[in-house]
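Note: hydrogens, waters and symmetry copies are ignored here, and every other heavy atom, side chains too, is used. Quick caveat, the model's predicted, so the values are computed rather than measured.
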Amino acid sequence: MTQPHRRCIPRDITDVLLWLLAADVASAHLPDPHRPDRCANLRCTGEAYPCPPARDARRACHAATRGEVLARGRAKVAAPAGAAARFAGWFRPTRPVPPPQRPMPAPRAA
């Protein structure tokens, strides 16, 4: 039996597991209703809000969403000039390779 998701996942999410984990951490580290400048989570007793887990959860939510596409196509990357010369000849055989030999047909009896 499958369990339903505990949250509706937005359409722009690319990493669902990261986003679900970050949403759980963010919902556990909310500001204290009586002291909004402090975190209400018991693990962050006395820490200023937003506490480090809340900040990390916010960054993780941002990382799990699809970013804007700044450019389309492939980037042109020039290979270093020395790399081609440095690896030249590595994958050539050291001895000449004999040509493949075909098996001779067997003589037929008459």
Trainee: For a quick test of reading the model, state the closest non-hydrogen atom pair linking Asp24 to Ser27 and the distance between them.
Mentor: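 For Asp24 and Ser27, the tightest heavy-atom pair comes out as O-OG, 2.9 Å.
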Trainee: Do you know the tightest heavy-atom contact between Pro36 and Pro31?
Mentor: O-CB, 3.6 Å
Trainee: For Asn41 and Ala28, which heavy atoms make the closest approach, and how far apart are they?
Mentor: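 In terms of heavy atoms, the two residues are closest at ND2-O, 3.0 Å.
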Trainee: Return the minimal non-hydrogen interatomic distance between Ala26 and Ala57, and the atom names on each side.
Mentor: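 Looking at all heavy atoms of both residues, the shortest contact is N-CB, 3.8 Å.
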Trainee: How about Trp19 and Ile9: do any of their side-chain heavy atoms sit closer than 4.5 Å?
Mentor: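 Side chain of Trp19 against side chain of Ile9, heavy atoms only: contact under 4.5 Å found.
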Trainee: Considering all heavy atoms of both residues, which atom of Ala63 and which atom of Leu18 are nearest to each other, and what is their separation?
Mentor: CB-CD2, 4.3 Å
Trainee: What closest approach, in Å, do His29 and Cys51 show between heavy atoms, and which atom pair accounts for it?
Mentor: ND1-SG, 3.5 Å
Trainee: Is the side chain of Thr14 donor-acceptor paired with the backbone N or O of Ala64 at a distance under 3.5 Å, no angle test?
Mentor: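 Side chain of Thr14 to backbone of Ala64, a donor-acceptor pair under 3.5 Å: yes, one is there.
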Trainee: Is it possible for you to say whether Leu20 and Ile13 belong to one hydrophobic cluster, with membership spreading through side-chain heavy-atom contacts below 4.5 Å?
Mentor: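 Yes: a chain of side-chain contacts under 4.5 Å links Leu20 to Ile13.
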Trainee: Does Arg58 have any salt bridge (Lys or Arg N to Asp or Glu O under 4.0 Å) partners at least two apart in sequence or in another chain, and if so, which?
Mentor: none
